[in-house]
Q: 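Sharing a structure with you now.
Owing to the predicted nature of the structure, the values given are computational and were not obtained by experimental measurement. A, B, ... follow the sequence lines: proteins, then strands. Residue 1 opens every chain. The basis for the numbers below is simple: all heavy atoms, side chains too, and nothing from hydrogens, waters or symmetry mates.
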Protein chains: 2
Amino acid sequence: MSPDSKRGPRADASRNAARLVAAAREVLAEAGNDAAFDVIARRAGVGNATLYRHFPTRADLLVAVYADEVTALCERGSQLLESADPMDALFAWLDEFVTHVATKRPLALAATEGAAERRTTLFHQWHTAITSTAERLVRRAQPGLRSDVTAIDVLTLASGAALASDPAHACRVVAMLRNGIAARPSPEH
Amino acid sequence: MSPDSKRGPRADASRNAARLVAAAREVLAEAGNDAAFDVIARRAGVGNATLYRHFPTRADLLVAVYADEVTALCERGSQLLESADPMDALFAWLDEFVTHVATKRPLALAATEGAAERRTTLFHQWHTAITSTAERLVRRAQPGLRSDVTAIDVLTLASGAALASDPAHACRVVAMLRNGIAARPSPEH
DNA sequence: ACCTGAACACCGTTCAAGT
DNA sequence: ACCTGAACACCGTTCAAGT
């Protein structure tokens, strides 16, 4: 009977979710990426179990916190699809991707070590958003790439470099990939 | 006055260390790489604090457990230094290195994310053993490599690939590096 | 000197009770 | 339906007391 009987799966609870994300953003910035859940819940002014209800796993919360950054990264990828040189576009995006990963290490690690069970809807959305962006960029650059190179290969190398070193070094090392995956590598540099 | 007054910094304690390493090897194989310290200590038949005395950090214990494998890996590197093709030697070793890292993820992660404070003597020995092996292989292959490629670059990419994916995929992806770091990449394949 | 194991602190997770 | 916060279990770390 009430106006939001069937259509409103959320009442004031969505406010809690937003508050939790905002609090998480603050706490993560202050106390580092592995801050305690209790602290975040208290900061948001809700019970700790409410946090679990909205974000079953830590990765989910991180996805929510960094959602804006991720969509920005994907939009940047779309922009680069319009640029002149497909190869330049791919590697320009990879540079941004690397710095993105470097500051979200736990999220990137969850993507690799996390078993399939732990992968929730929210996490999956984040993962496919990035891989699909990479796939479009790789597909456009495909004529200039070795035929056996996939988007997954490129993402693996780039994120791996980001995980294994500091951002600056990761970018330097990603540049080396260019010859490695090119169909006809330029002889020098 | 006793025979081991000055020369014997260890009495029966070295036995405990050996027992701890053996127990850790067992428990890690059974319960995974992040098994609880208490369980390991109990298995070894010693108090938990004794474990901390011998191995202040988890990385130290892992280094001790995998010490044999690491020296084998480094000896394999030395053997490969005698082989005919320096480039083949380097990448043959990298393949073994990648599978090594893939099964010691926490150790590899400690090497990247661990702050400088946490790096103990034992940990440092392990780290330099591997990097020095890589450096010798890279130095011998240097004429075939781009002049700006360092051993650290190669290790970063290889261990990164190992961290970001399964061993098989990591090997596949390391093969792509070959053109990326070669001075004059072969035009095809 | 070296070891013991209890004690402490912390954190992720769950659950009965509220509204 | 949704939330609360106390309770539980677990684990890393420390420390006073033993030998």
Side-chain angles (χ1 to χ4, degrees), chain A residues 1-24 27-28 30-62 64 106-107 109-110 113-115 117-118 120 123, chain B residues 1-21 23-24 27-28 30-62 106-107 109-110 113-115 117-118 120 123:
Chain A
M1 278 294 187
S2 60
D4 57 328
S5 57
K6 269 273 171 56
R7 257 308 190 173
R10 312 145 187 155
D12 59 325
S14 65
R15 265 205 143 163
N16 276 345
R19 249 190 262 197
L20 278 166
V21 173
V27 174
L28 289 179
E30 292 168 14
N33 247 330
D34 51 354
F37 266 37
D38 271 13
V39 177
I40 294 171
R42 210 173 306 133
R43 178 77 65 100
V46 304
N48 49 2
T50 302
L51 201 164
Y52 278 92
R53 174 180 295 272
H54 286 287
F55 307 101
T57 182
R58 174 176 284 268
D60 286 320
L61 184 60
L62 294 175
L107 201 48
L109 286 175
E113 75 192 356
E117 321 91 64
R118 304 222 77 183
T120 65
F123 179 88
Chain B
M1 276 295 188
S2 60
D4 57 328
S5 57
K6 270 274 170 57
R7 257 312 189 172
R10 314 142 185 158
D12 60 326
S14 65
R15 267 207 140 162
N16 275 346
R19 249 191 263 199
L20 278 166
V21 173
V27 174
L28 290 179
E30 292 168 15
N33 247 327
D34 51 353
F37 267 37
D38 271 14
V39 176
I40 294 171
R42 209 172 307 134
R43 178 77 64 100
V46 304
N48 50 3
T50 302
L51 200 164
Y52 278 92
R53 173 178 297 271
H54 286 287
F55 306 102
T57 182
R58 174 175 284 266
D60 286 319
L61 184 59
L62 294 175
L107 202 47
L109 286 175
E113 74 193 355
E117 320 92 63
R118 305 222 77 182
T120 65
F123 180 88

Q: Rounding to a whole Å, what distance do you find between B:Y52:OH and C:dG5:P?
A: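 After rounding, the reported distance stands at 16 Å.
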Q: Can you measure B:R42 atom CZ to D:dC10 atom P for me and round it to whole angstrom units?
A: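 Going from B:R42 (CZ) to D:dC10 (P), I get 11 Å.
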Q: In whole angstroms, how far is the C1' atom of D:dG12 from the CZ atom of B:R53?
A: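 Those two atoms, CZ and C1', are 17 Å apart.
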Q: Can you check side-chain contact (heavy atoms from CB on, under 4.5 Å) on A:I40 and A:L61, steps first, answer last?
A: CA-CA 11 Å; A:I40 294 171; A:L61 184 60; 3.9 Å; yes
Q: How many Å lie between CD1 on B:I40 and P on D:dC11, as a whole number?
A: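 Going from B:I40 (CD1) to D:dC11 (P), I get 11 Å.
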Q: When the ring centroid of A:F55 is compared with that of A:F37, is the distance short of 6.0 Å?
A: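 Between A:F37 and A:F55, which both carry aromatic rings, the centre distance is not below 6.0 Å.
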Q: If you find the nucleotide of DNA chain C closest to A:A35 and the one closest to B:N16, which residue's nucleotide is nearer the 5' end?
A: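 The 5'-side residue here is B:N16.
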Q: D:dC11 P sits how many Å from B:R58 CZ, rounded?
A: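 So the CZ-P distance, B:R58 to D:dC11, works out to 10 Å.
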Q: Between atom CG in A:L51 and atom P in C:dC11, what is the gap in whole Å?
A: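 My rounded result for the distance is 14 Å.
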Q: Applying side-chain contact (heavy atoms from CB on, under 4.5 Å) to B:N33 and B:L107, what does each step give before you reach the verdict?
A: CA-CA 10 Å; B:N33 247 327; B:L107 202 47; over 6 Å; no
Q: Hey, is the side chain of A:H54 poking within less than 4.0 Å of OP1 or OP2 on D:dC2, counting only N and O atoms?
A: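 For D:dC2, neither OP1 nor OP2 has a side-chain N or O of A:H54 closer than 4.0 Å.
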Q: Rounding to a whole Å, what distance do you find between A:D38:CG and C:dA9:C1'?
A: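 Nearest whole value for this atom pair: 13 Å.
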Q: To the nearest 0.5 Å, what is the distance between CG (A:D60) and CG (A:L62)?
A: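 Those atoms lie 9.0 Å apart.
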Q: Which whole-number value in Å describes the distance from B:L20 CG to C:dC3 C1'?
A: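 The distance from CG of B:L20 to C1' of C:dC3 comes to 12 Å, rounded to the nearest Å.
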Q: Give B:F37 one of three labels, base, sugar-phosphate or nothing, depending on what nucleic acid heavy atoms sit under 4.0 Å from its own.
A: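 Result for B:F37 = sugar-phosphate.
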Q: Does B:A36 reach a base, just sugar-phosphate, or nothing at all? Heavy atoms under 4.0 Å.
A: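 Sugar-phosphate, no base atom in range.
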Q: Let's test this: given Watson-Crick or G-U wobble pairing with both distances under 3.5 Å, identify the partner of D:dT19.
A: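 C:dA1 - that is the nucleotide pairing with D:dT19, both distances being under 3.5 Å.
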Q: Assess the residue pair B:L20 and B:H54 against the criterion (side-chain contact (heavy atoms from CB on, under 4.5 Å)); give the C-alpha distance rounded to whole Å, side-chain angles, the decisive distance to 0.1 Å, and a yes or no.
A: CA-CA 9 Å; B:L20 278 166; B:H54 286 287; 4.0 Å; yes
Q: Quick one: is B:T50 getting a side-chain N or O under 4.0 Å of the C:dC3 phosphate, OP1 or OP2?
A: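 So the side chain of B:T50 is outside the cut-off, no N or O lying under 4.0 Å from OP1 or OP2 of C:dC3.
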Q: What does A:N48 touch in the nucleic acid at a heavy-atom separation under 4.0 angstrom: a base, only the sugar-phosphate, or nothing?
A: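 Base: the residue A:N48, judged by heavy atoms under 4.0 Å, touches a nucleobase.
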Q: In Watson-Crick or G-U wobble terms, both distances under 3.5 Å, what is the partner of C:dT14?
A: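 Pair assignment: C:dT14 / D:dA6.
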